[in-house]
Every structure is written in C-alpha cells, then in structure tokens.
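Start at 1 and go down the list; that is how both ligands and their atoms are numbered.
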Amino acid sequence: MWQVLAPLFTIFTFLSSFSFIFGLSVSAFQSVPATMRFSHVLRALPALAQGANCSTKLYVSSYSGNITTFSLDRTTANVITLKNLGVTQDSAPQAAWLELNSKAKVVYGVDEAWSTPNGSITTYNTTDGALVPNSKHVTYPGAVSTVLYNGGKAVACAHYGGQVLTTWATQADGSLSNIGDFVFTQEGPGAYPERQDKPHPHEALVDPTDSYILVPDLGSDLLRTFSIDKKTSKLKELTPFPVKPGNGPRHGAFYAPTAKPGPKGNMVAGDGTYFLLVNELSNTVESYKVKYGKSGLGFKLVESHGIYGTMATPAGAAAAEGKLSPDLKFFHTSSRNATILTTPNPNPLNTTAIPSDTLQTWIPDPNTGKLTFVESAAAGGRFPRQFSLNKKGDLAAVGLQQSSRFVILPRDIATGKFGEPLASVENLGEVTAVIWDEK
Ligand SMILES: *[C@@H]1O[C@H](CO)[C@@H](O)[C@H](O)[C@H]1NC(C)=O
Ligand SMILES: *[C@@H]1O[C@H](CO)[C@@H](O)[C@H](O)[C@H]1NC(C)=O
Ligand SMILES: *[C@@H]1O[C@H](CO)[C@@H](O)[C@H](O)[C@H]1NC(C)=O
Ligand SMILES: *[C@@H]1O[C@H](CO)[C@@H](O)[C@H](O)[C@H]1NC(C)=O
Ligand SMILES: *[C@@H]1O[C@H](CO)[C@@H](O)[C@H](O)[C@H]1NC(C)=O
Ligand SMILES: *[C@@H]1O[C@H](CO)[C@@H](O)[C@H](O)[C@H]1NC(C)=O
C-alpha cells in the first residue's frame with residue numbers, strides 16, 4: 001500500500017506547494033480509501049483556477065492576529081474546495097470573534113488584547129474578495145463576543161477580561177459609535193477562585209423578541225440581563241439571575257419554537273421560550289424556562305445534564321459553544337481538552353487518525369424545553385472553541401484552536417449528526433471563530 005502511495009504523495013506535495021505559491025491553502029478529503037481521496041484532490045484542481053466570485057465565503061479569526069477570508073466551492077458530489085482570498089490584521093494581536101451584519105454587508109471583528117491596555121472593535125466591509133477594514137474603535141480590553149440588536153441599529157460587546165459590556169450604534173457608513181458601557185463588579189471570588197476572581201462576561205445574546213440582551217457571566221455565575229430602548233438602542237441593566245455557584249456560564253441560545261412575527265414585524269414570544277445554557281466550569285448543559293415579566297426576564301431551571309450526556313465528563317473537559325440548528329430541531333454544544341475520539345489525518349495519505357475533542361447533538365422538546373442527548377461526535381481536532389452552521393444546516397464550520405485549523409463537517413439535517421471532515425485548512429494559528437457569509 002505504502003509503495004503504491006509513494007508517487008501519489010509526491011504529487012500531493014506538488015499540489016500543496018502549488019497552493020502555497022498562489023497563496024491558496026487547500027485540503028479536501030473524505031473518509032474513503034486514500035486512492036479515492038486522491039482523486040478528489042485531482043478533481044478539486046480545476047476549481048483552483050476559477051475566479052474568486054463564488055457565493056459562499058468563510059471568515060476565520062485567529063490569535064495569530066489574522067482574519068482570513070476563504071471562498072467555499074461545493075460540487076454536487078460534496079467535494080469542497082476552500083481558497084484563501086486574503087488576510088487582514090486589523091484585529092491583531094488577538095482576533096477573538098467575528099460577526100456578520102449581512103444587511104449592512106459589514107463584519108465586526110474584535111481584538112481581545114491580553115497584552116495591550118486597550119482592545120478594539122473593527123468593522124470590515126465584505127467584498128468580492130477578502131474583508132476590507134472600514135473603521136477601528138478603541139475600547140476596553142477582553143472583547144470576546146458581539147451581538148447585533150434592535151433591528152441591526154446597535155451592537156453589544158462582552159469583554160471577558162475587561163469586566164464590561166460595551167454598546168455601539170451602527171452608522172450608515174459601516175462604522176460604530178459608542179452609546180454606553182456597563183462595568184461589572186462582584187463581591188469576593190466564586191466557587192472556582194482562579195477563574196471566578198472577578199466578573200467575566202463571556203457572550204452577548206439578544207432574545208427572540210429583540211427587546212432584551214442577555215450576558216452569561218462566567219466569573220460571577222450570573223445571567224446578566226438588560227432591556228433595550230427601541231428609540232435610542234441604549235440598554236438598561238436589570239436584576240441579574242444567579243445560576244448554581246461554580247457553573248461558570250459561558251455561551252447559550254434562546255430557544256423559542258413558538259415565537260411568531262407580530263403586527264409590527266417584531267417577533268412576539270409564544271407560549272414557550274427557553275434559554276439553553278452551556279456552563280464551562282461545571283461542564284453542564286442546562287435548560288431554563290424564560291418568563292417575560294413587567295420587570296424583565298425571569299428564569300426557572302428545567303433541567304441540567306453533563307455535557308457528555310450518557311457518558312461521565314472526562315477530566316480536564318472545558319465546555320465551550322452552544323448553538324441551535326437553523327430549523328430549531330437540534331441544539332449543538334462543543335467541549336474542549338478531552339480528546340476521547342479521533343478524526344482522519346489532515347494529510348490524506350497518512351492513515352493514522354489524530355485525536356479529537358467533541359461536538360454534541362441534543363434534541364430540545366418544544367413543549368417542555370427538556371433536552372434529549374443524541375451523541376458526541378468528533379469535532380475534527382483539538383479545542384472546538386466555536387463553530388457555526390450554514391443556512392441550510394447541512395455543513396458545520398468548526399474552529400479548532402489547539403489544532404490551528406478549521407474543518408468543514410457534513411451534518412445530517414434529519415438526525416442532527418455530524419460526519420467526518422469534507423475539507424480543512426491547517427496552520428492558521430489558534431483559530432477563535434469561523435463564520436459563514438452566504439448569498
Ligand atoms: C468579480 O466580479 C466582478 C464583476 O462582477 C469583477 O469585476 C471582478 O474582477 C471579479 N473578481 C474576481 C476575483 O474574479
Ligand atoms: C481602555 O481600557 C481602560 C481599562 O483597561 C478603560 O478604562 C478605558 O476607558 C479604555 N479606553 C477606551 C477608549 O475605551
Ligand atoms: C466601506 O463601505 C462603506 C459603505 O458602503 C463605504 O462608505 C466605505 O468607503 C467603504 N470603505 C472601504 C475602505 O472600502
Ligand atoms: C486539560 O486537562 C488537563 C487534565 O486532563 C489539565 O491538567 C489541564 O489544565 C487542562 N487544560 C486546559 C487548557 O484546560
Ligand atoms: C502520520 O500522522 C501521525 C499523527 O499525526 C504522525 O505521528 C506520523 O508521523 C505521520 N506519519 C507520516 C509518515 O507522516
Ligand atoms: C498571517 O497572515 C500573514 C500575511 O498573509 C501570513 O504571512 C502568515 O503566515 C499568517 N499567519 C498565520 C498563522 O496564518
């Protein structure tokens with residue numbers, strides 16, 4: 001087998017160097033015998049020569065400071081070709097998060113700034129090719145997540161290291177203007193003093209009615225909530241909800257299967273709205289019933305699961321991401337630092353699998369908010385810090401921080417299960433986020 005493959009490996013190396021020379025970083029493979037996989041590499045070759053005007057793009061941020069734009073081409077046989085369209089370093093040194101404002105054709109990128117006193121939010125114009133920097137806004141350090149709210153009129157940004165939520169109005173030229181900061185404090189350390197020494201807001205989320213902002217605070221074990229002034233987009237801080245001490249809430253998603261557009265076009269909460277929460281320190285996935293009251297959002301715990309479902313949580317695990325599928329039928333989570341599975345080697349000619357952390361599939365019940373565990377699947381490498389699904393929900397892009405790569409996994413829309421990588425890009429530094437831009 002190895003003798004047969006030897007000449008093929010030479011050609012693969014040739015293709016790799018070809019890619020390198022033209023600034024293209026490409027690796028397409030499938031879980032089929034190496035000789036078959038090679039034929040996919042060959043078939044992918046003509047696509048490399050095509051123009052950059054394809055309708056699907058991916059933006060990838062990394063702690064290398066780079067934000068790289070890739071085009072994604074997909075054949076009917078599900079052969080995926082990724083092409084590097086260019087790099088911007090305007091969110092360096094620690095590009096930590098990306099969000100697309102598809103209406104304004106702008107991407108928000110943040111610099112988490114561990115090594116400098118202040119971080120930034122940079123807005124980027126989307127183009128036929130790579131992102132083009134539009135405007136840069138100096139802010140508190142520690143930015144890790146943004147969310148667009150009030151019909152796209154404003155952006156809220158959670159600063160993990162800066163203990164603050166900053167808010168910004170979006171301008172017609174794509175830039176931002178600050179409309180208020182909320183600096184948080186806490187009395188004494190929490191149950192995990194080394195991680196819960198102070199407030200650490202980890203994500204900013206908007207509720208399905210676009211009336212409230214929710215911020216899981218990992219350091220303070222709180223769900224911080226804010227009401228949105230529809231006229232000014234300014235936030236008003238409400239009474240926060242305390243989760244179980246030591247949970248370390250990180251990311252989550254509102255699940256409102258019965259929410260419907262109301263008379264003014266805004267979504268109106270239906271009978272059942274739930275909040276699905278991923279806790280990093282307790283490695284649990286929780287469901288809360290959300291109550292819309294006169295004084296804001298109320299929460300009632302429905303149930304709590306270990307993030308590995310039917311399996312005991314492995315030592316060292318660190319839960320990370322939580323996202324609903326576009327059809328709201330599945331909830332997906334990710335867990336880091338517990339490589340209990342393997343994934344095919346990025347080199348299609350190397351049959352030794354590499355260690356992989358996991359992504360989970362859960363089914364939320366629209367009537368009760370309860371979660372049924374389906375399975376843990378290989379994430380495609382180490383530390384799936386973040387992932388995102390395409391609009392159709394049949395592909396997932398997974399950012400693998402410690403593997404310095406991202407992968408494209410197939411996803412079965414009917415079962416919510418992930419398959420083995422269809423494509424990947426290596427050597428990107430510590431990948432922090434990968435998002436889709438689809439026409
Ligand atoms: C993309 O299309 C536009 C016209 O629609 C053209 O001007 C541009 O050169 C194309 N870019 C590439 C990279 O092919
Ligand atoms: C820079 O960060 C400090 C806190 O580290 C903060 O007090 C200051 O307001 C920030 N500067 C800007 C322009 O946001
Ligand atoms: C970005 O887009 C905005 C709005 O279309 C435009 O005003 C601005 O000139 C663009 N900036 C760059 C650098 O292309
Ligand atoms: C990963 O897990 C090991 C224990 O298995 C632990 O010692 C280490 O601190 C963990 N690393 C991170 C970055 O969480
Ligand atoms: C194949 O991959 C494994 C795991 O990454 C690595 O240890 C090994 O050196 C590789 N073999 C070859 C021939 O490159
Ligand atoms: C970052 O981008 C620069 C410029 O394109 C490139 O030379 C460098 O290799 C990239 N680094 C990583 C880790 O991707």
Check your understanding: Counting each atom of ligand 3 from 1 as listed, which ones have a heavy atom of V132 under 4.0 Å away?
Key -> 13 (C)
Nearest neighbour in protein (non-hydrogen) for [atom]:
atom: atom 5 (O) of ligand 2; result: P141 CD, 3.5 Å
atom: atom 4 (C) of ligand 3; result: D173 O, 4.0 Å
atom: atom 14 (O) of ligand 3; result: N125 ND2, 3.4 Å
atom: atom 13 (C) of ligand 2; result: V138 O, 3.8 Å
atom: atom 6 (C) of ligand 2; result: Y140 CE2, 3.7 Å
atom: atom 11 (N) of ligand 2; result: N118 ND2, 2.9 Å

What about the rings of [X] and [Y], do their centers lie closer together than 6.0 Å?
X: Y108; Y: Y124; result: no
X: Y160; Y: W97; result: no
X: F373; Y: Y308; result: no

Exercise for review: Provide the closest heavy-atom pair for F418 versus H332 in the form atom of the first, atom of the second, distance.
Suggested key: CE1-ND1, 3.3 Å
Can a side-chain donor-acceptor contact be found between [Y] and [X] if the only test is distance below 3.5 angstrom?
X: Q360; Y: T358; answer: yes
X: R405; Y: S424; answer: yes
X: R224; Y: S220; answer: yes
X: T339; Y: S356; answer: no

Check your understanding: Does atom 9 (O) of ligand 3 have a protein heavy-atom neighbour under 4.0 Å away?
Key -> no
Study note, to complete from the structure: Numbered in order shown, the ligand 5 atoms found under 4.0 Å of a heavy atom of I354 are 5 (O)
Practice item. Just let me know how P117 lines up against ligand 2, side chain, backbone, both or neither, with a heavy-atom cut-off below 4.0 Å. Key: backbone
Revision key, fill the gap. To atom 3 (C) of ligand 5, the nearest of N350, N347, T351 on a heavy-atom basis is N350
Review point. At the 4.0 Å heavy-atom cut-off, does P133 count as touching ligand 3?
Key: yes
